[in-house]
Protein chains: 2
Amino acid sequence: MSMTNVSDEVFAALADPVRREILVRLSRGGPQTTGALTSRMGMTRQGASRHLATLESCGLITSRRHGRVILRELNPAPLRGTEAWIQSLANQWDERLERLKRQYE
Amino acid sequence: MSMTNVSDEVFAALADPVRREILVRLSRGGPQTTGALTSRMGMTRQGASRHLATLESCGLITSRRHGRVILRELNPAPLRGTEAWIQSLANQWDERLERLKRQYE
DNA sequence: TATATATGCAACACTATCGTTGCATAACAT
DNA sequence: ATGTTATGCAACGATAGTGTTGCATATATA
């Protein structure tokens, strides 16, 4: 597995605190409308809506339309890639330390 | 544990592909100078140097001076926070699904 | 049909970030 | 001392992202 360009968009999406809060709310409250998600978040509807578009673009959320309401739903699948990347990074470092340790014993 | 503002800087640092590649190189090659890290990365020394400053600012790398040479070293510790955050997010979603499943059985 | 609700799209100013260039500093080598 | 190597700091233009406002669209309700 290549260690570069693995879920580049996902990393960028996670960089914004507002988007992370949206993900947390979705994971706790389940599918919600933009309004329910936006309220008490100190931002215009359009501001939050753009964040939702960013999150959907990289696959972190999906949306289903019910009449005039659109329900946003969390999709944690892309997070596995970033999680794997981070773990691989830390693991390679640990393996390196272990090699050095064996060498000097 | 609060799900917001957990290693905000680390998430932002990981959003850049150049910085992620620097981390990968450090995890594989161990402590290196800026020059060794910068070469073959399609960027000026100052460009890479700024990324190194960003990474050091959030604790992902440390630096030791040896005469006129500064060795950069990976510090994977802050990554645990982001890893935990991602896992917690996915876990909460899974638990939610399980609750719903039990409810409808 | 009218009216309210839920949403998207486009344009705008503001800010942050990126990578560069130029100059300064500090440590080695000759 | 002089030159070379390794680095930092400051300023600049370019680019990208953020949040806003205004308008348009589509669906429900009276």
Side-chain angles (χ1 to χ4, degrees), chain A residues 4-5 7-26 29-74 78 82, chain B residues 4-5 7-26 29-75 82:
Chain A
T4 55
N5 272 340
S7 53
D8 203 340
E9 275 183 297
V10 179
F11 272 114
L14 291 178
D16 192 296
V18 174
R19 287 194 287 266
R20 290 203 303 278
E21 183 173 349
I22 289 176
L23 293 179
V24 171
R25 291 191 181 204
L26 283 175
Q32 296 169 57
T33 66
T34 307
L37 224 41
T38 301
S39 67
R40 295 184 303 273
M41 209 150 70
M43 186 178 303
T44 328
R45 177 187 61 83
Q46 284 84 349
S49 180
R50 182 172 294 181
H51 285 301
L52 289 173
T54 301
L55 288 169
E56 184 163 13
S57 160
C58 71
L60 279 172
I61 65 176
T62 58
S63 57
R64 287 171 295 152
R65 180 154 222 143
H66 291 269
R68 66 181 164 183
V69 169
I70 295 186
L71 285 181
R72 317 286 184 169
E73 181 171 349
L74 176 67
T82 74
Chain B
T4 54
N5 271 340
S7 53
D8 203 340
E9 275 184 299
V10 179
F11 272 114
L14 290 177
D16 191 296
V18 174
R19 288 194 286 265
R20 290 203 302 276
E21 182 173 349
I22 289 175
L23 292 179
V24 170
R25 291 192 180 204
L26 283 175
Q32 296 167 56
T33 66
T34 307
L37 225 41
T38 301
S39 67
R40 296 184 302 274
M41 208 150 69
M43 186 178 301
T44 329
R45 175 187 62 82
Q46 284 83 350
S49 181
R50 181 172 296 181
H51 284 300
L52 290 173
T54 301
L55 289 170
E56 185 163 13
S57 160
C58 71
L60 279 172
I61 64 176
T62 58
S63 58
R64 287 171 296 152
R65 181 153 220 145
H66 292 269
R68 65 181 163 184
V69 170
I70 296 186
L71 286 181
R72 317 285 183 169
E73 182 171 349
L74 176 66
N75 178 33
T82 74

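Values in this document were obtained by computation on a predicted structure and should not be read as measured data.
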Does some side-chain heavy atom of [Y] sit less than 4.5 Å from a side-chain heavy atom of [X]?
X: A/Ile70; Y: A/Thr33; result: no
X: B/Leu14; Y: B/Leu23; result: yes
X: A/Glu21; Y: A/Arg25; result: yes

Please give, in whole Å, the distance from [N] [atom2] to [X] [atom1]?
X: A/Gln32; N: C/dA6; atom1: CD; atom2: C1'; answer: 15 Å
X: A/Leu52; N: D/dG17; atom1: CG; atom2: P; answer: 17 Å
X: B/Glu9; N: C/dT17; atom1: CD; atom2: C1'; answer: 15 Å
X: A/Arg65; N: C/dA6; atom1: CZ; atom2: P; answer: 12 Å
X: A/Leu37; N: C/dA6; atom1: CG; atom2: C1'; answer: 14 Å
X: B/Ile22; N: C/dC18; atom1: CD1; atom2: C1'; answer: 13 Å
X: B/Met41; N: C/dT20; atom1: CE; atom2: P; answer: 11 Å
X: B/Arg64; N: D/dT7; atom1: CZ; atom2: C1'; answer: 17 Å

Compare side-chain N and O positions of B/Ser49 against OP1 and OP2 of D/dG8 and report whether any pair is under 4.0 Å apart.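 For D/dG8, OP1 or OP2 has a side-chain N or O of B/Ser49 closer than 4.0 Å.
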Can you check whether B/His51 has a side-chain N or O nearer than 4.0 Å to OP1 or OP2 of C/dG19?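 Yes.
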For the side chain of [X], starting at C-beta, report the closest nucleotide among [options].
X: B/Met43; options: D/dT21, D/dT7, C/dT20; value: C/dT20
X: B/Arg68; options: D/dA6, C/dC18, D/dC23; value: D/dA6
X: A/Gln46; options: D/dT18, D/dT20, C/dG19; value: D/dT20

In Å and rounded to the nearest 0.5 Å, what is the CZ to CG distance from B/Arg20 to B/Leu60?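 Reported value, rounded in 0.5 Å steps: 12.5 Å.
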Mind checking the CZ-OG1 spacing from A/Arg45 to A/Thr34? Nearest 0.5 Å is all I need.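 One finds 7.5 Å between CZ of A/Arg45 and OG1 of A/Thr34.
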Nearest-nucleotide 5' precedence on DNA chain D, A/Gly42 against B/Val69: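 It is B/Val69, whose closest nucleotide lies nearer the 5' terminus.
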Taking for each residue the nucleotide of DNA chain D bearing the nearest heavy atom, is the 5' side occupied by A/Ala12 or by B/Leu71?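 Result: B/Leu71.
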Check if the side chain of A/Arg45 and the base of D/dG19 share a donor-acceptor pair of N or O atoms closer than 3.5 Å.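 Answer no: no donor N or O sits under 3.5 Å from an acceptor.
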When you measure only distances, ignoring hydrogens and angles, does the side chain of A/Arg50 come within 3.5 Å of the base of D/dG17 through a donor and an acceptor?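 For A/Arg50, whose side chain was compared with the base of D/dG17, there is no donor-acceptor pair (under 3.5 Å).
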